[in-house]
Amino acid sequence: MGVVVSLEEGKKMPASVKPLVDLTKADMERVNQLILSKAGSDVQMIPEVANHLISSGGKRLRPMLTLAAASMFGYGGDNHVKLATSVEFMHTATLLHDDVVDESDLRRGKSTARTIWGNQASVLVGDFLLGQAFRMMVDVGSLDALDVLSTAASVIAEGEVLQLSVAKNMETTEDDYLSVIRAKTAALFAAAAEVGPIIAKTDKASRNALKSYGMNLGLAFQLVDDVLDYGGSAADLGKNVGDDFREGKITLPVILSYRRGTAEERSFWKNAIENGESSDENLEHALGLINKYNALNDTISRALHYGTIARDALAPLPASPHKAALMEVIDFSIQRVN
C-alpha cells in the first residue's frame with residue numbers, strides 16, 4: 001500500500017551515509033560504550049527500558065554529526081564523545097516520550113517500550129536519560145555547549161506541546177507545521193552539529209554554519225519521513241505504512257491535500273483525522289487524494305529546498321573528508337524516498 005514517488009535528482013550514484021559512518025567509526029565505538037555505561041542503574045527496569053530502544057537499530061545520525069563536526073575542525077580530545085552521547089540520550093528520551101504522547105505501538109519495527117513496560121516507565125526512564133545527558137554535559141565543562149544543548153531540550157519540549165495544540169486540527173497551516181518540526185526534530189540536529197565547533201574552539205562563523213546545516217538537514221529529514229509514511233514501505237519506516245494517518249497525525253502531505261481539495265474532500269480529511277475515521281478503506285482514499293494533489297512530490301520539493309540551504313551553509317568551509325561526508329548525508333536523507 002503506498003504511492004509511487006519519483007525524485008529527479010540527475011543520474012548520480014545513490015548517496016550514502018557510509019562515509020560519515022567510516023569517519024566516525026572509532027569514536028562511535030566509544031560513544032556506544034559510554035551509552036551502555038551511562039544507561040546502567042541499580043534500578044533494574046531502567047537499563048531494560050533504555051537498552052530496548054538504544055539497541056533497536058537506529059542509525060545514530062545525530063551523535064555522528066557531533067563527532068564529525070568536532071573532528072572537521074581538528075578537535076583531538078574526548079569531550080566530543082561525551083557530547084555525542086548526550087545528544088543520543090536526548091534523542092532516545094524524546095522517542096520514549098513521543099511514543100507515550102502518540103500512543104505508538106511500534107518503533108523501528110519493534111514493540112515500543114510503553115507497550116511492554118507501560119507509559120509511566122517510558123516517561124520516567126526518558127527523564128533518567130535526560131538527567132544522564134546533562135551530567136555528561138557538565139563533565140565537559142563548556143558553558144557554551146551546555147547552553148546550546150539545554151536550549152535544544154527546552155525547544156524540543158515546546159515543540160511537543162505545540163504539536164499537541166495542533167493535533168488532529170485540519171486547519172493547521174504549513175507554517176504551523178514547520179514550526180512544530182523545527183522545534184521537535186530540527187533543533188536537536190542543529191544543536192548536535194553546533195557543539196562540535198564549540199568544543200573545537202572555532203570562530204563564530206563556523207559555529208553558525210554547522211548550526212544552519214543541522215537545522216536545515218533536520219527539516220529535510222523530517223519532511224522525507226512524512227513522505228515515507230504514505231509512499232514508503234514498512235522496511236523503510238520501522239513501522240507500518242500509514243501509521244501517521246491511523247494516529248491522526250497532521251503532516252505536510254495531509255496539509256497540502258486538505259488545502260487543495262474540494263469541500264467534499266476536506267470533509268473527508270476532517271472525518272478521517274479529527275474524528276479518527278482511519279480504516280484501511282479510508283487510508284486508500286487518503287492515498288488517492290495525496291496522489292491527486294501531488295502532495296508527496298511537493299513535500300519532497302520542500303525537503304530539497306532545505307537540503308540546498310544546508311549545503312550552502314557548509315559551502316564556505318574548507319574542503320575536508322568530514323565536510324564531504326556531511327554534504328553526502330543531505331542527499332542520503334532525501335534519497336530515502338527512492
Note, [X] side chain near [Y] side chain (heavy atom, < 4.5 Å):
X: Glu247; Y: Glu103; answer: no
X: Lys292; Y: Glu265; answer: yes
X: Lys82; Y: Thr85; answer: no
X: Ser333; Y: Leu217; answer: yes
X: Val161; Y: Ser165; answer: no
X: Leu20; Y: Phe332; answer: no
X: Tyr230; Y: Thr251; answer: yes
X: Val140; Y: Met136; answer: no

Quiz item: Given the rule in the side chain to side chain contact (heavy atoms under 4.5 Å, CB included) test, do Asn32 and Ile35 qualify, once you have shown the distances and angles that lead to the verdict?
Solution: CA-CA 5 Å; Asn32 289 330; Ile35 283 171; 4.0 Å; yes
Quiz item: Would one find more than 12 heavy atoms of other residues, nucleotides or ligands at under 6.0 Å from atom NZ of Lys184?
Solution: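 Count over threshold, so yes.
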Note to self: Tell me whether Glu171 at atom CD has more than 12 heavy atoms from other residues, nucleotides or ligands lying less than 6.0 Å away.
What the structure shows: yes
Side-chain heavy atoms nearer than 4.5 Å, only ILVMFWY residues, links allowed to pass through others: does that put [X] and [Y] together?
X: Ile46; Y: Trp117; value: yes
X: Leu188; Y: Val81; value: no
X: Leu146; Y: Leu83; value: yes
X: Tyr213; Y: Val224; value: yes
X: Ile273; Y: Val180; value: no

Do you know the tightest heavy-atom contact between [X] and [Y]?
X: Phe189; Y: Arg62; answer: CE1-NH2, 3.3 Å
X: Ala319; Y: Lys323; answer: CA-CD, 4.2 Å
X: Phe245; Y: Ser279; answer: CE2-O, 4.1 Å
X: Ala153; Y: Phe134; answer: CB-CZ, 3.9 Å
X: Val337; Y: Leu228; answer: CA-CD2, 4.0 Å
X: His52; Y: Lys110; answer: O-NZ, 3.2 Å

Chi angles and distances behind the side chain to side chain contact (heavy atoms under 4.5 Å, CB included) call for Asp225, Arg336 | CA-CA 9 Å; Asp225 269 1; Arg336 291 178 299 149; 2.8 Å; yes
Determine yes or no for a side-chain-to-main-chain donor-acceptor pair under 3.5 angstrom, with [X] supplying the side chain and [Y] the backbone.
X: Ser301; Y: Asn297; answer: yes
X: Arg266; Y: Gly261; answer: yes
X: Asn282; Y: Glu277; answer: yes
X: Gln222; Y: Thr185; answer: no
X: Arg114; Y: Ser104; answer: yes
X: Glu328; Y: Ser16; answer: yes
X: Asp203; Y: Ala205; answer: yes
X: Thr202; Y: Pro197; answer: yes

When you check the gap from the basic side-chain N to the acidic O, do [X] and [Y] get nearer than 4.0 Å?
X: Lys25; Y: Asp22; answer: no
X: Arg259; Y: Glu174; answer: no
X: Lys249; Y: Asp229; answer: no

From [X] atom [atom1] to [Y] atom [atom2], the distance as rounded to the nearest 0.5 Å:
X: Leu124; Y: Leu96; atom1: CG; atom2: CG; result: 10.5 Å
X: Ile330; Y: Leu304; atom1: CD1; atom2: CG; result: 11.0 Å
X: Tyr177; Y: Gln163; atom1: OH; atom2: CD; result: 7.5 Å
X: Thr94; Y: Asp99; atom1: OG1; atom2: CG; result: 11.0 Å
X: Phe73; Y: His322; atom1: CZ; atom2: NE2; result: 11.0 Å
X: Ile255; Y: Asp298; atom1: CD1; atom2: CG; result: 13.0 Å

Polar side chain donor-acceptor pair, Arg30 to Gln33, under 3.5 angstrom:
no
Under a 3.5 Å threshold, yes or no: a donor from one side chain and an acceptor from the other, between Asp176 and Thr173?
yes
Step by step, work out the side chain to side chain contact (heavy atoms under 4.5 Å, CB included) result for Ile250 and Lys168.
CA-CA 6 Å; Ile250 306 289; Lys168 300 188 178 183; 5.6 Å; no
task: Applying side chain to side chain contact (heavy atoms under 4.5 Å, CB included), run through Ser71 and Thr24 and close with a yes or a no.
output: CA-CA 9 Å; Ser71 296; Thr24 59; over 6 Å; no
